[in-house]
Trainee: 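There's a structure below that I have some questions on.
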Amino acid sequence: MSNIPLLDLEAGPIAAGGGCVARANDGRVVFVRHCLPGERVFAAVTEETKSYLRADALEIIHSSPDRVPPPCPYAGPGRCGGCDWQHVALAAQRRLKADLVAEQLRRLAGIERVVEVEEVAGAPDGLGWRTRVRFGIDHTGRVGFHRHRSHELQLVDRCLIASAAVEVIGVESHEWPDIDDLEVFASDESGEGVLSLTTRSRRLGQLPSLDTGLVVNGRVARRPERLAFEVLKRHYEVSAGVFWQVHPGAADVLGRAVLDALRARPGDRVADLYAGAGLFTALVGDVVGPSGSVLAVERDRWACADAARNTADQPHVEVFKAAVTPALVSEGLGGMDLAVLDPSREGAGRAVMTSLAELEPGPRRIVYVACDPASFARDLRVLLDAGWVLRSLKAFDLFPMTEHVEIMAVVEPPERN
């Protein structure tokens with residue numbers, strides 16, 4: 001450490017990406033990881049551009065009262081890049097996430113709003129919650145996680161945020177020759193797990209014998225290839241590789257929140273965009289009943305197959321395999337009473353949101369579920385500029401020990417003012 005030139009910095013507010021904003025002596029912005037707002041730190045530069053620097057806090061000169069010892073031995077500068085906030089008390093993590101959401105709403109959507117991030121049951125001490133974990137594999141077949149902004153691996157013998165159902169499989173105790181990466185998908189409810197392996201090698205070496213399903217390069221090698229979940233008394237099956245919330249309490253919490261926010265009625269016509277395996281589709285289908293309808297739009301064929309299976313008892317539900325595009329919205333969603341959006345981290349985008357805003361007749365309410373505050377705020381701005389009104393916003397701590405947060409907003413059109 002003594003040979004590394006260090007910056008003496010005062011850490012400012014939290015920034016997107018999990019670090020704090022500081023200023024170097026030359027005036028450049030510095031994004032500093034492993035520190036907290038208000039701390040004075042000595043930090044080593046890890047990346048340099050003309051306009052900003054990235055740095056890791058190596059020494060804490062004046063610490064925040066919100067600082068705690070990281071529970072994971074692999075957390076810290078130069079180590080695993082998976083958890084940004086192992087050094088932050090849980091209550092403070094939620095406050096920082098609320099600050100991040102509020103700042104993005106202010107800067108990108110032009111609105112001032114007090115945000116509260118709600119704790120979600122199922123992650124005691126912020127650990128043991130992740131039901132889907134992707135590991136990297138080194139040249140010897142050992143498993144680990146990528147270091148921050150690096151292709152290098154931090155080898156591990158366990159992951160503290162992985163759920164018990166993931167850890168009991170024990171992939172870290174074995175070597176995985178000829179494998180490029182490995183994903184573990186496990187269910188605390190069914191006690192089953194699925195391993196998804198990716199390899200570029202034509203010759204697959206001897207794999208460890210584990211009591212799980214196995215999918216290699218997208219092909220089922222050993223069943224089960226799907227896991228079962230119960231959400232608000234509905235049964236779901238989700239295939240390896242298909243998106244499903246990774247926090248064990250997330251599906252119930254988000255499912256109930258969406259139903260409460262949507263306020264669907266029997267006979268309503270509902271569009272579920274970016275529907276995935278049909279989590280919201282099936283729940284809303286129960287509410288609108290046979291006199292109503294739900295159109296679930298999803299571009300991934302495996303997710304569409306899961307959604308069709310999960311709504312097989314609902315003939316009034318249609319699963320449509322397609323990307324959500326401005327043309328699909330403008331040509332296919334007119335006359336819908338309600339809409340749900342749950343896009344990927346990139347958001348729906350300006351063009352899609354503009355098409356939604358201009359629908360005639362349009363939905364009486366849109367419920368938008370998001371996992372990225374910045375893309376959410378940009379999408380929301382499109383609706384607000386068109387006269388729509390943000391009626392409510394909730395945020396949930398589905399990703400403890402990280403900067404990530406889940407958001408759900410209710411937006412209504414101008415005529416509802």
Trainee: Specify whether Trp129 and His247 have parallel, tilted or perpendicular ring planes, treating 30° as the upper limit for parallel and 60° as the lower limit for perpendicular.
Mentor: parallel

Trainee: What pairs with Asp188 under salt bridge (charged side-chain N to carboxylate O under 4.0 Å, His left out), at least two apart in sequence or on another chain?
Mentor: none

Trainee: Strictly under 6.0 Å, is that where the ring centroids of Phe185 and Trp244 end up?
Mentor: no

Trainee: More than 12 foreign heavy atoms under 6.0 Å from CZ of Arg299: is that the case here?
Mentor: no

Trainee: Ignoring hydrogens, what is the shortest heavy-atom contact between Ala370 and Phe376? Give both atom names and the distance.
Mentor: CB-CB, 3.6 Å

Trainee: For Glu225, give me all partners under salt bridge (charged side-chain N to carboxylate O under 4.0 Å, His left out), at least two apart in sequence or on another chain.
Mentor: Arg223

Trainee: Looking at residues at least two apart in the chain, or sitting in another chain, which of them share a side chain to side chain contact (heavy atoms under 4.5 Å, CB included) with Ser344?
Mentor: Glu346

Trainee: Are Glu230 and His235 linked by a side-chain donor-acceptor pair shorter than 3.5 Å?
Mentor: yes

Trainee: Does a donor on one side chain and an acceptor on the other come within less than 3.5 Å for Thr199 and Asp178?
Mentor: no

Trainee: Check this for me, if you would: do Asp385 and Arg381 make a salt bridge, where the nitrogen-to-carboxylate-oxygen distance has to be below 4.0 angstrom?
Mentor: yes

Trainee: Under the side chain to side chain donor-acceptor pair (under 3.5 Å) test against Asp66, which residue among Gln93, Arg95, His87 passes?
Mentor: Arg95

Trainee: Minimum heavy-atom separation for Val41 and Val32, please, with both atom names.
Mentor: CG2-CG1, 4.4 Å

Trainee: Looking at every non-hydrogen atom in both residues, tell me the closest pair between Gly193 and Ile169 and how far apart they are.
Mentor: CA-CD1, 4.2 Å

Trainee: One thing to verify: whether Arg265 and Asp337 come together as a salt bridge, which I'm taking to mean a side-chain N less than 4.0 angstrom from a carboxylate O.
Mentor: no

Trainee: May I ask you to check whether Thr46 and Asp56 show a side-chain donor-acceptor distance below 3.5 Å?
Mentor: no

Trainee: For Tyr368 versus Gly347, what's the shortest heavy-atom pair and its separation?
Mentor: OH-CA, 3.8 Å

